[in-house]
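Okay, so here's the structure we're looking at.
Remember, predicted model here, so these are calculated numbers, not experimental data.
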Amino acid sequence: MSREDREEIERIDAMMRRLGEIEAMAGQEMSHREVIRLIIEHAQLSIAIPDAECRRLRIKAAQMEAKERKRQCER
């Protein structure tokens, strides 16, 4: 796996963790400004994560293909 692929997967994982953190804040007391900021951040992550997950799946598929080619070449 390339460094870029690892960094992309780490970035996706960080986005998903942040989304979970925001959702865990539900029900807490906070200012209207903070609520609005969190709603916007949640919406942005909710839009970005599915696309990022597709990229992660493409990375995994490419890894599996490379392993299969290597295995076939070893025969």
Step by step, work out the salt bridge (Lys or Arg N to Asp or Glu O under 4.0 Å) result for Asp13 and Arg56. CA-CA 10 Å; Asp13 290 342; Arg56 184 199 315 245; 2.9 Å; yes

Apply side-chain contact (heavy atoms from CB on, under 4.5 Å) to [X] and list each qualifying residue two or more places apart in sequence or on a separate chain.
X     : result
Glu4  : Ser2
Gln28 : Met25, Met30
Ile22 : Arg18, Leu38, Glu41, His42, Leu45
Arg6  : Met1, Arg3

Side-chain heavy-atom pair Arg37, His32 within 4.5 angstrom cut-off: no

Quick one: CG on Asp51 to CE on Met15, what's the gap to the nearest 0.5 Å?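 Between atom CG of Asp51 and atom CE of Met15 there are 8.0 Å.
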
To the nearest 0.5 Å, tell me how far Glu7 CD sits from Ile12 CD1. 12.0 Å

Under 4.5 Å side-chain linkage, directly or through intermediates, the cluster mates of Ile40: Ile36

Gln72 and side chain to side chain donor-acceptor pair (under 3.5 Å): which partner among Glu68, Glu74, Lys70?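 With Gln72 as partner, side chain to side chain donor-acceptor pair (under 3.5 Å) holds for just one option, Glu68.
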
With a 6.0 Å cut-off (strictly less than), is the heavy-atom count around CZ of Arg71, excluding the residue itself, greater than 12? yes

Pairs of donor and acceptor atoms involving the side chains of residues 57-67, under 3.5 Å and at least two apart or interchain, shall be tabulated with distances.
none

